[in-house]
2 protein chains.
Amino acid sequence: MLDKSHKNLSCSNCSARKDSIFGNYCECDATDVDDLKSSAYYKKNQPVFLEGSFPRGVYCLNQGKVKIFARGDEGKEQIIHIAKEGEIIGFRSMFSEEPFKVSASTLEECNICFINKEDFLNMIDTNPTLRNGIMKELSKELGDRAMFITNMAQKSVRERLAFSLIILADIYGEEQINLTREDMANFIGTATETLIRLLKDFKEEGILEIHTRKLEITNKEKLFKIAGK
Amino acid sequence: MLDKSHKNLSCSNCSARKDSIFGNYCECDATDVDDLKSSAYYKKNQPVFLEGSFPRGVYCLNQGKVKIFARGDEGKEQIIHIAKEGEIIGFRSMFSEEPFKVSASTLEECNICFINKEDFLNMIDTNPTLRNGIMKELSKELGDRAMFITNMAQKSVRERLAFSLIILADIYGEEQINLTREDMANFIGTATETLIRLLKDFKEEGILEIHTRKLEITNKEKLFKIAGK
DNA sequence: CTGAAAAAATGACAATCGTCAGTTATTGTA
DNA sequence: TACAATAACTGACGATTGTCATTTTTTCAG
């Protein structure tokens, strides 16, 4: 799937297209986008964009996962979102005309396409369906973040871990969850040591199996119960 | 300022208009909006819209403050945002075509105008400047919420209190902060008792004065220091 | 103005969770 | 394949913060 050559990615046969806002909302010809975009291969742990910089365009994930994170006062990462195949990232700051408030970095090898700011804004202006899709996306995410804030504020670390594992299982789909303990702790909002201890608890409770880095959920029911609701 | 008659609020002489998205982004005649909107007086602690219901339009605050909050699993409120004069609320779920994920309730007596869903969407479609303003607003708020999540996850309650007091002081402007201890605790994400204890600490440290319900910040510098950054 | 209801405040106590310091295991590369 | 670097894990300990129970103060309606 991964194309290190940077060359032959095409929207028309993009495997991520069906999950993408382009696939869902845009009647425009895939080849229209094809002509505008460039594509690139990213190594693991490579930055896509950085907090403080100004957006030059948007990124469309063809393959691989990307973490979106903010930094707290002492520089500690807080992962806000993990984007997967088909997602477009980096367009929020384009609309707000502010520098990025978050950074993005690959969690694994990725193929990522890039569409220029002007081209993308032009598409938005001339294509109401795409535009509505984007607005829908922005609004949906605002709702998600309200829930995220509420979980952070009201749930215990144990509950948040259960909740986050459900989300991660969904993101990773058929694959096993594959994150460093530090990244996972930064997603849940806790110390790495606390996360490790809780994972051990969950393992002993028969909720998951730990294959070093990779996690296999074996009892999702229990997770739902612990997460609450 | 408050108009209990529901009758004579007009966009052209709306005192909140300069702070509003209409004032900032929309070249359209104020009277255009005037014809579409209806206005109403709300008592203190009156719901504006409720989580789970579907939006019928948007609300524009002419006078007074409104809390936007989600509910955790045990029904505990988490205040996500406090909206003041000039703000438009309730339009996010209109775009996402989902039921509201948050509720809104007045914190004091309010005058609130209402614009119908169809009328508002029509304005958005036909007025690119307004539309861009809305998109800018949505994007900006997403950035703010990323920071909110980070603060919740990484700061201590004491730091969050300091941080929140700065935000609240900004929202209340010339007025003194005027919230129940419970609402304030639900904004900061802590127990009411913890908040009360910390407010006492802050008072003893000469940071603020407590006039029963109302809080007067006397040393903002110290707050910044405690809040971090 | 008064009494009931709501809100604010206080005290005691325990559990969760973060920090620090150190060990073991894994990974990637020369 | 070995070794250096990184990540995972363990233990000890204390501070922060939530909970529960109770008292005091404030608010508001009649």
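We name chains A, B, ... by the order of the sequence lines, and we start the count at 1 in each one.
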Colleague: Give, for atom CG of B:Asn186 and atom OG1 of A:Thr150, the distance between the pair rounded to the nearest 0.5 Å.
Modeller: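 Rounded to the nearest 0.5 Å, the CG-OG1 separation comes out at 10.0 Å.
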Colleague: Closer to the 5' end of DNA chain D via nearest nucleotide, is it A:Thr180 or A:Ala153?
Modeller: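 Nearer the 5' end of the strand: A:Thr180.
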Colleague: Distance-only check: which donor-acceptor pairs under 3.5 Å involve side-chain atoms of residues 189-207 of chain B, not counting sequence neighbours?
Modeller:
unit_1, atom_1, unit_2, atom_2, d
B:Glu205, OE1, B:Arg158, NH2, 3.0
B:Glu205, OE2, B:Arg158, NH1, 3.1

Colleague: Name the residue closer to the 5' end of DNA chain C, choosing between A:Leu198 and B:Ile210 according to the nucleotide with the nearest heavy atom.
Modeller: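 It is B:Ile210 whose nearest nucleotide is closer to the 5' end.
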Colleague: If an axis is fit to five pairs at each end of the helix from C:dC1-D:dG30 to C:dA30-D:dT1, what is the angle between the two, to the nearest 10°?
Modeller: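 One end's axis against the other's: 50°.
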Colleague: Using whole Å, report how far CG of B:Leu161 lies from P of D:dG18.
Modeller: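 To the nearest whole Å, that distance equals 12 Å.
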Colleague: Starting at atom CG of A:Leu195, determine the distance to atom P of D:dC9, rounded to an integer number of angstrom.
Modeller: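 In whole Å, D:dC9 P and A:Leu195 CG are 9 Å from each other.
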Colleague: Among side-chain atoms of A:His81 and A:Glu141, is any donor-acceptor pair under 3.5 angstrom?
Modeller: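 Absent: no donor and acceptor within the cut-off.
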Colleague: Salt bridge or not between A:Arg71 and A:Glu77? Use side-chain N to carboxylate O under 4.0 Å.
Modeller: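 Salt bridge flag = yes for A:Glu77 with A:Arg71.
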Colleague: Base, sugar-phosphate or nothing for B:Thr192? Non-hydrogen atoms, less than 4.0 Å.
Modeller: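 Since no nucleic acid heavy atom lies under 4.0 Å of B:Thr192, the category is nothing.
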Colleague: One thing to verify: whether B:Glu175 and B:Lys65 come together as a salt bridge, which I'm taking to mean a side-chain N less than 4.0 angstrom from a carboxylate O.
Modeller: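 Between B:Glu175 and B:Lys65 there is a salt bridge, with a charged N closer than 4.0 Å to a carboxylate O.
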Colleague: Does B:Thr190 reach a base, just sugar-phosphate, or nothing at all? Heavy atoms under 4.0 Å.
Modeller: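 Sugar-phosphate: the residue B:Thr190, judged by heavy atoms under 4.0 Å, touches backbone atoms but no base.
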Colleague: So which protein N/O to nucleotides 20-23 of chain C N/O distances come out below 3.5 Å?
Modeller:
unit_1, atom_1, unit_2, atom_2, d
C:dC20, N4, A:Glu193, OE2, 3.1

Colleague: Need one value for A:Thr194: base, sugar-phosphate or nothing, where a base atom within 4.0 Å counts as base even if backbone is also close, heavy atoms only.
Modeller: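 If one applies the 4.0 Å heavy-atom cut-off, A:Thr194 turns out to touch a base.
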